Amino acid sequence: MGASNFIKNIVAEDVQTGVVSTVITRFPPEPNGYLHIGHAKSICLNFELATEFDGKTNLRFDDTNPLKENEEYVQSIKEDVKWLGFDWDNLCFASDYFPEMYQRACILIKKGKAYVCDLSAEQIREKRGTLTEPGQESPYRNRSVEENLGLFERMRKGEFVDGAKVLRAKIDMNSPNLNLRDPVLYRIAHAPHHRTGTTWCIYPMYDYAHPLEDAIEGVTHSICTLEFEDHRSLYDWMVRECEMDNTPHQYEFARLNMTNTVMSKRKLKKLVDEKIVDGWDDPRMPTISGLRRKGYTPEAIRTFAREIGVAKSNSKVDERLLEHFVREDLKLKAPRTMAILRPLRVVLTNYPVGQTEWLDAENNSENPEMGNRRIPFSREIYIEQDDFMENPPPKYFRLFPGNEVRLKHAYFIRCEEIVRDANGFVVELRCTYDPETKSGSGFTARKVKGTIHWIDATHALQAEFRLFEPLVNNAEDEVEDHFLTHINPRSMEVLHGYVEENVRNAHAYAKFQFFRHGYFSVDPKLSSDDQLVFNRAVSLKSSFSI
RNA sequence: UGGGGAGUAGCCAAGUGGUAAGGCAACGGACUUUGACUCCGUCAUUCGAAGGUUCGAUCCCUUCCUCCCCAGCCA
């Protein structure tokens with residue numbers, strides 16, 4: 001299991017001392033957007049924590065706000081959690097607890113701990129005070145229990161319009177913790193709920209609902225993010241005053257931030273709504289579905305989540321760490337194959353016209369179990385435009401006039417002549433090959449500095465390649481609401497080139513390491529039998545730059 | 001300047017009274033039919049700062065500095 005962290009230490013302590021017999025955690029998303037890599041951190045934390053202590057984890061939809069939630073999000077969240085590799089013990093919905101929540105609110109009212117308030121939202125805000133000034137009590141604060149009960153009942157029955165009344169906790173308008181200044185427990189919203197329909201027109205607020213949800217499910221360790229730290233006393237107040245049988249405890253950790261990534265659901269939704277991206281699963285999105293489509297694996301994301309640790313200091317993780325784990329995971333899994341992203345035709349002038357030979361190629365030199373394949377070789381091939389320079393800088397090991405390189409799995413070739421178009425652009429190279437140098441023949445008389453990849457022109461399969469760069473360039477915090485104006489206009493590059501014929505029937509999400517390029521994955525939406533489309537999940541590292 | 005939190009390397013992050021783990025990044029070098037991988041090496045005399053306690057402090061105490069969160073009928 002992963003390294004120690006302060007929450008795991010707390011759980012271990014609770015288990016050891018017998019404070020808790022069965023560890024129960026939960027992942028409680030609101031179905032108002034798609035899950036992203038930040039959620040993955042929380043999902044892994046909750047599920048793996050429970051697993052480590054033989055406990056249970058619930059997937060619970062915190063669906064208390066019908067205005068923002070819908071079924072599409074519920075489905076996507078379930079799919080993403082499963083894809084990450086986790087099975088929940090119970091599938092729960094906060095909305096299933098609405099009846100009990102209502103009853104518990106009545107308990108609060110009967111104890112004089114809650115009251116119906118007629119103040120408008122603006123008036124409540126004005127009377128809440130400020131960070132340095134105390135709040136003022138609502139004139140409705142001292143209504144009788146009977147009156148409150150009656151009013152609350154009428155709220156539930158739909159006798160009042162939205163905003164006319166709320167149920168508030170009666171705590172302390174002088175508290176230095178603003179959350180304790182008579183927080184709203186229930187608001188009226190005549191809005192259909194994706195699961196309860198029109199059964200309810202009053203909906204519980206987070207601060208009221210969440211602790212009850214946890215208590216109802218017997219959650220022992222309720223893990224949330226830092227911004228809820230000063231809600232914890234409220235959380236404990238609810239559990240206590242609502243007389244819940246179980247006593248869950250809340251622990252807070254720092255949410256994940258990553259370089260060059262927007263991570264708020266609000267912003268991600270904006271990217272989708274404004275059609276800046278192709279949808280929630282656009283490969284440039286940090287959503288689980290986006291990363292999946294780009295070619296990331298659950299294993300890589302899980303390892304990442306474990307390795308970044310869990311702490312309470314705000315931090316921003318280098319995106320390259322995630323990429324590292326993607327490469328590490330795919331290294332032994334993805335077969336190697338050759339793809340030419342920017343083709344340059346090469347004619348081997350001394351190779352027999354019309355001849356094709358089949359060469360042996362290992363599918364993954366680091367994983368011999370992946371076996372071998374045969375690849376065609378003939379007089380005309382494509383190489384990468386970047387692998388030729390007419391006037392190369394020092395230490396350029398690739399092809400240039402007069403220079404010899406190895407074609408991976410094939411022969412040495414030497415550049416003899418450059419063919420240009422009317423504009424002077426290089427459109428073709430005429431090279432010679434040396435039959436003595438065939439790969440696997442044991443030829444050692446000469447060495448070359450460079451090995452390049454290639455594809456036989458008569459067998460090449462056309463394909464599309466999509467390369468991605470960050471949608472935003474760092475500084476999410478600075479640009480805040482104007483982040484849309486900082487979108488990287490070159491976040492996606494679409495190229496057309498060739499792949500080896502033998503990947504013809506690659507299925508959606510099939511992954512390959514294109515030699516010297518990186519790891520690519522077949523796009524599930526755009527790829528077809530006629531036109532293969534590959535997304536680059538991550539490039540190979542390179543210590544070379546021109 | 002109310003309340004709640006956090007400050008350990010470029011980025012994450014263990015350690016919490018006995019003399020600074022690990023990963024990523026970076027930089028050297030070896031190897032190489034991927035400028036990849038792998039391997040070897042370098043990378044905090046110091047833990048936000050200053051005092052204090054102690055034989056000994058990242059850890060305990062005091063003061064200070066910096067950053068984050070809270071004034072939704074969002075979660």
Side-chain angles (χ1 to χ4, degrees), chain A residues 3-6 28-30 32 62 64-65 67-69 117 119-122 124-135 162-168 175-181 183-189 202-203 205-207 209-210 224-233 252 254 256 258-259 265-266 303-304 307-325 327-328 331-332 336 338 362 365-366 395-398 405-410 412 437 439-440 448-453 477 513-518 539-545:
Chain A
S4 81
N5 64 61
F6 79 99
E30 181 188 14
N32 66 344
D62 204 0
T64 57
N65 184 357
L67 268 15
K68 294 185 175 177
E69 299 151 6
C117 181
L119 256 26
S120 67
E122 303 85 90
I124 287 179
R125 191 192 324 123
E126 284 162 13
K127 285 176 169 292
R128 188 151 26 223
T130 68
L131 296 179
T132 51
E133 302 164 69
D162 292 4
K165 287 177 167 45
V166 291
L167 183 73
R168 290 227 258 168
S175 173
N177 180 350
L178 307 208
N179 298 121
L180 263 26
R181 320 242 263 226
V184 172
L185 268 26
Y186 268 95
R187 77 284 213 180
I188 298 170
I202 58 172
Y203 293 93
M205 300 290 290
Y206 172 88
D207 283 321
H210 209 86
C224 64
T225 44
L226 252 28
E227 67 269 28
F228 293 104
E229 248 170 335
D230 46 19
H231 291 240
R232 190 172 58 231
S233 55
E252 312 85 12
L256 172 66
M258 283 211 288
T259 56
K265 268 197 250 182
R266 204 193 96 249
T303 306
F304 170 76
E307 294 301 317
I308 53 177
V310 179
K312 297 192 71 158
S313 63
N314 293 310
S315 59
K316 181 175 282 190
V317 176
D318 194 324
E319 62 192 324
R320 290 176 298 182
L321 183 55
L322 213 204
E323 295 181 338
H324 164 78
F325 291 115
R327 291 190 192 98
E328 184 181 82
K331 185 171 60 190
L332 298 181
R336 266 111 248 237
M338 298 195 280
E362 53 208 349
S365 60
E366 295 181 80
K395 299 268 181 96
Y396 185 82
F397 301 150
R398 284 110 93 147
V405 297
R406 180 194 297 278
L407 293 180
K408 178 72 179 174
H409 301 308
F412 287 9
T437 60
S439 287
V448 288
K449 293 288 282 182
T451 296
I452 65 173
H453 56 98
D477 10 44
Q513 187 205 87
F514 290 155
F515 229 73
R516 302 203 303 137
H517 279 300
S539 66
L540 253 26
K541 290 208 295 182
S542 173
S543 59
F544 174 75
S545 59

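First the proteins, then the strands, lettered A, B, ... as listed; each starts at 1. Predicted model, so just to flag it, every value in this text is computed and none were measured.
A straight line from CZ of Phe6(A) to P of rA14(B) spans 9 Å, rounded to a whole angstrom. As rounded to whole Å, 16 Å separates atom C1' of rA25(B) from atom CE of Met258(A). The CD-C1' distance, from Glu227(A) to rA6(B), rounds to 14 Å in whole Å. Counting to the nearest Å, the P atom of rA36(B) and the CZ atom of Phe397(A) are 10 Å from each other. Summarising the geometry, the separation between CG on Leu67(A) and C1' on rC74(B) is reported as 10 Å, rounded to the nearest angstrom. Distance CZ (Arg398(A)) to P (rU34(B)): 13 Å, rounded to an integer number of Å. In this entry the distance linking CG of Leu185(A) with C1' of rC73(B) reads 11 Å, nearest Å. Taking atom CG of residue Asn179(A) and atom P of nucleotide rC73(B), one finds them 11 Å apart after rounding to whole Å.
Heavy atoms of Val448(A) sit nowhere under 4.0 angstrom from any nucleic acid atom. Leu540(A) comes within 4.0 angstrom of a nucleotide base, judged by non-hydrogen atoms across all strands. Contacts of Ala121(A) with the nucleic acid, taken as non-hydrogen atoms under 4.0 Å apart, include base atoms. Contacts of Leu119(A) with the nucleic acid, taken as non-hydrogen atoms under 4.0 Å apart, include base atoms.
Taking only side-chain nitrogens and oxygens, Ser315(A) never comes nearer than 4.0 Å to OP1 or OP2 of rC11(B). Between Thr64(A) and rA75(B) there is a side-chain N or O to OP1 or OP2 distance below 4.0 Å. For rA36(B), the OP1/OP2 oxygens have a side-chain nitrogen or oxygen of Ser543(A) closer than 4.0 Å. Within the structure, a side-chain polar atom (N or O) of Lys331(A) is placed less than 4.0 Å from OP1 or OP2 of rU38(B). Dashed line: the shortest gap from a side-chain N or O of Ser4(A) to OP1 or OP2 of rG15(B) is under 4.0 Å. Between Arg516(A) and rG35(B), a side-chain N or O to OP1/OP2 separation shorter than 4.0 Å is present. For rC74(B), one of the phosphate oxygens OP1 or OP2 lies less than 4.0 angstrom from a side-chain nitrogen or oxygen of Arg187(A). For the pair Arg128(A) and rG72(B), the criterion of a side-chain N or O lying under 4.0 Å from OP1 or OP2 is met.
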Polar pairs (N or O, both sides) under 3.5 Å between protein and nucleotides 3-5 of chain B?
unit_1	atom_1	unit_2	atom_2	d
rG3(B)	N2	Asp230(A)	OD2	2.7
rG5(B)	O2'	Glu229(A)	OE1	3.2
rG5(B)	O2'	Glu229(A)	OE2	3.3

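If you check distances only, the side chain of Thr132(A) never reaches the base of rU1(B) with a donor-acceptor pair under 3.5 Å. One cannot find a donor-acceptor pair under 3.5 Å joining the base of rG72(B) and the side-chain atoms of Arg125(A). Side-chain to base pairing of Gln513(A) with rU34(B): one donor and one acceptor N or O lie within less than 3.5 Å of each other.
Two rings, from Phe397(A) and Phe544(A), have their centers 6.0 Å or more apart.
Pairing of rG51(B), defined by two Watson-Crick or G-U wobble distances under 3.5 Å, is identified with rC61(B).
Along RNA chain B, the nucleotide nearest to Val317(A) and the one nearest to Tyr186(A) differ in position, and the one closer to the 5' end is contacted by Val317(A). Nearest-nucleotide mapping onto RNA chain B: of Phe514(A) and Ala164(A), the residue sitting toward the 5' end is Phe514(A).
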Strictly under 4.0 angstrom, non-hydrogen atoms only: write out the protein contact profile of nucleotides 16-24 of chain B, one letter per nucleotide from the 5' end, B, S or -.
--------S
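Looking only at side-chain heavy atoms (C-beta outward), Leu180(A) and His231(A) stay at 4.5 Å or farther from each other.
Electrostatic pairing of Arg232(A) and Glu252(A) counts as a salt bridge here, judged by a charged N lying under 4.0 Å from a carboxylate O.
Judged by centroid separation below 5.5 Å and plane tilt below 30°, Tyr206(A) does not stack onto the base of rA75(B).
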Audit row: Glu323(A), Lys541(A), salt bridge (Lys or Arg N to Asp or Glu O under 4.0 Å) steps and yes/no:
CA-CA 10 Å; Glu323(A) 295 181 338; Lys541(A) 290 208 295 182; over 6 Å; no
Decide yes or no on ring-ring contact (aromatic ring centres under 6.0 Å, His included) for His517(A) and His453(A), but give the supporting numbers first.
CA-CA 10 Å; His517(A) 279 300; His453(A) 56 98; 5.0 Å; yes
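Spacing of P atoms, rG23(B) relative to rG41(B), comes out at 12 Å, to the nearest Å.
Anti is the conformation of rG15(B), whose glycosidic angle sits further than 90° from 0.
Ser365(A) and Glu362(A) share no donor-acceptor pair across their side chains, judged by distance under 3.5 Å alone.
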